[in-house]
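Structure first, then comments.
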Amino acid sequence: MTDTITTPETARAPRAAVLDEAHLGDIRGALGTIKLDDTAPRKGLSAKLKTLLAIVGPGLIVMVGDNDAGAFDTYGNAGQNYGTSLLWTLLLLVPVLYVNQEMVLRLGAVTGVGHARLILERFGKFWGAFSVIDLFLLNALTIVTEFIGVTLAVGYLGLPKTLSVLVAAAVVIAAATTGSFRRFERTAILLCVGSLLLIPIYFMIHPSTGTMVHDFVVPGMPHDSKLSDVMLLIIAIVGTTVAPWQLFFQQSYVIDKRITPRFMKYEKADLWIGIVIVVLGAAAMIGFTAATFAGTKEFGNFDDAAGIARGLEAHAGKLAGVLFAIALLDASIIGASAVSLSTAYALGDVLGLKHSLHRGVSGAKGFYAIFAGVILLAAVIVIIPGSPLGLITTGVQTLAGVLLPSATVFLLLLCNDKAVLGPWVNGRWTNAFTSAVVGVLVMLSIILTASVTFPDITSGAILDIMAICGVAGILAIGYAEVRRRRKGWAPAAPVDRTGKENWRMPPLEELPAPVMSTGRKVGMGALRGYLVVAMVLVVIHVVQLAQG
């Protein structure tokens, strides 16, 4: 059930599906405020800039938050083991990042309902429970890797690890529990600024600009490298750059910030700012790591992020190593904050809890209990002697790869649901591109699952999987077209987008039941079967690793 909107501030807003009345009202961003009744057009550069500053936050935080401890590990691995030969993967991921996150910000601004709750309402209890349970499990493990990043950073800096982990956990919890959305966002944006420490390291190491530019725009594979190892790293780059938690976080954060469709173009600009920063940071890490270890005995022998800090110190001096360690610590804290918030938002949405950073602890006890609980659980796991931290890191990468295709499938289906998005539904080209992305993600997920289950998989087997997936995709497209012509279905009529700036999704109980075609039922059944098989294989492999 939705909450009754009774406050004077929200009484002026159109009737919508928001689940917490704190999600309606003035936009109080870190860098500015927009009043609820401020409907004047933005004319002139100054007015537009002030509006952008007030809106900036969701896209920036979700993108920079994804350059977390796991990303430092992945990009450092790419640079130290393969030089700059995999830089091109970042360029290919830019449109994927934008299209995926643009769809979720559109869902958030238009519906006022979080991602997990929409899945529950439109696809049933099974998929709703599945989305929340797998998100909780994956996020909890991901937060553990963030605190592993904290231990690596403080270990290099010579600080006590146990105390540092507990202090970091306290900082993350304190930043979110003040009852002020603005204070949290200011803290988060300050942490985003800290990620820029990677840029001076890049100039201190000064990799070859020509090589960087060439490898960024010209795809290529590392020479004399095992294809299965390279493919696993490419999958890790995809998984660390396009993660399931991002979808849940940004949609709920846009809602909590009270952004409406009227400010969609500003939120898209915010998203582009975040994408540029995350790609620059990732490219800088690959570049300076490649330059640092090229020609040394450590090249091709990546260990962890602390090893990169030591290598930077040996190559460019202590300052470079310290800056990298501080950037890693900063990334771990913002990653832990964003990932744990996505968990609390999703569970709050599904369980009907008050779930807003505008509320104090007393006004949203369950929401903050979930947030603090996953943080403390992860911190405790990291500081317990003998915890299987390496196994957890492997599990995070594998689960993210297995679950990402299903998350993107639901995102695509929701963005074509006219009852949910009305005039904001996807256009033809967005659907075509996203469908292709889903196909590639499924292929990478199958390769990852096969590689984890069968560690000795050959390069030929991987190429066979890619070929089979390609043929299956072509056959599926052909079948859909033949069926459309046989049934005499006309292409979908253009969507009437008149007045979309003021359109909001009605309350959930007023939505018509979704229509499940035979094709969609078959597809959802196949997806369920794949996920069950993949999860069973992954669990079996993890148990085998745990048993040595």
Side-chain angles (χ1 to χ4, degrees), residues 63 65-94 96-97 100 138-139 141-142 144-146 148-149 152 215 219-222 225-246 278-279 281-283 285-287 289-290 300-305 307-308 328 331-332 335 339 389-405 407-408 437 440-455 457 459 462 465-466 534 538 541-542 545:
M63 287 292 100
D66 205 42
N67 257 3
D68 58 358
F72 273 58
D73 186 88
T74 300
Y75 299 136
N77 189 344
Q80 183 170 340
N81 286 357
Y82 302 109
T84 57
S85 59
L86 295 179
L87 267 175
W88 55 271
T89 57
L90 300 178
L91 181 61
L92 292 183
L93 284 173
V94 168
V96 178
L97 282 172
N100 268 18
L138 179 58
N139 283 4
L141 296 175
T142 301
V144 172
T145 67
E146 308 298 359
I148 294 174
L152 293 175
D215 290 347
M221 297 293 279
S225 297
K226 189 178 178 182
L227 178 61
S228 57
D229 292 341
V230 176
M231 284 300 300
L232 284 176
L233 184 56
I234 291 174
I235 294 169
I237 291 174
V238 173
T240 197
T241 310
V242 188
W245 70 263
Q246 290 176 290
V278 78
V279 171
M285 272 191 278
I286 292 176
T289 305
N301 295 295
F302 174 80
D303 185 15
D304 56 34
I308 294 177
L328 173 59
S332 301
V339 175
L389 301 183
L391 191 63
I392 290 173
T393 302
T394 301
V396 167
Q397 293 176 338
T398 306
L399 282 174
V402 169
L403 298 175
L404 183 57
T408 308
V437 169
V440 172
L441 291 177
V442 169
M443 179 189 70
L444 293 177
S445 179
I446 292 173
I447 292 173
L448 176 62
T449 304
S451 300
V452 170
T453 308
F454 309 105
I457 189 171
S459 299
I462 289 178
I465 292 174
M466 295 173 69
V538 169
H541 183 68
V542 170
L545 289 177

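For this chain, numbers begin at 1 and follow the sequence in order.
We find the CD1-CG distance between Ile462 and Asp229 to be 8.5 Å, quoted to the nearest 0.5 Å. Atom CG in Leu152 sits 5.0 Å away from atom CG in Asp304 (nearest 0.5 Å). Atoms OG1 and CG, on Thr408 and Asn100 in that order, are 5.0 Å from each other to the nearest 0.5 Å. Rounding to the nearest 0.5 Å gives a distance of 10.5 Å between CD1 of Ile237 and CD1 of Ile235. With rounding to the nearest 0.5 angstrom, the CD1 atom of Ile447 is 9.0 Å from the CD1 atom of Ile234. For the atom pair CG of Leu328 and CG of Asn67, the computed distance is 11.5 Å after rounding to the nearest 0.5 Å.
Within the 4.5 Å cutoff, the side chain of Thr89 has no heavy atoms near those of the Leu92 side chain. In this structure, Leu90 and Trp88 have side chains that are not in contact, with every pair of non-hydrogen atoms separated by 4.5 Å or more. Two residues are said to be in side-chain contact when any heavy atoms from C-beta on lie closer than 4.5 Å; Val238 and Leu441 meet this criterion. A heavy-atom distance below 4.5 Å is not found between the side chains of Val279 and Leu93. When side chains are defined from C-beta on, Ile286 does not count as touching Tyr82, because their heavy atoms never get closer than 4.5 Å.
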*Test side chain to side chain contact (heavy atoms under 4.5 Å, CB included) applied to Val230 and Leu233, step by step*: CA-CA 5 Å; Val230 176; Leu233 184 56; 5.7 Å; no
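Closest non-hydrogen pair, Phe72 versus Ala331, comes out as CE1-CB, 3.6 Å. Between Leu138 and Pro244, the shortest heavy-atom contact is CD2-CG, 4.0 Å. The shortest non-hydrogen separation linking Asp215 to Ser85 is OD2-N, 3.9 Å. The minimum heavy-atom distance linking Thr289 with Gln80 is given by the pair CG2-N, 3.5 Å. Closest approach of Gly287 and Thr84 over heavy atoms only: CA-CG2, 4.2 Å. Shortest non-hydrogen contact noted between Gly149 and Ala69 is CA-CB, 3.9 Å.
Exactly one of Thr74, Asp73, Asn81 qualifies for a side-chain hydrogen bond (donor to acceptor under 3.5 Å, both in side chains) with Asn77. That residue is Asn81.
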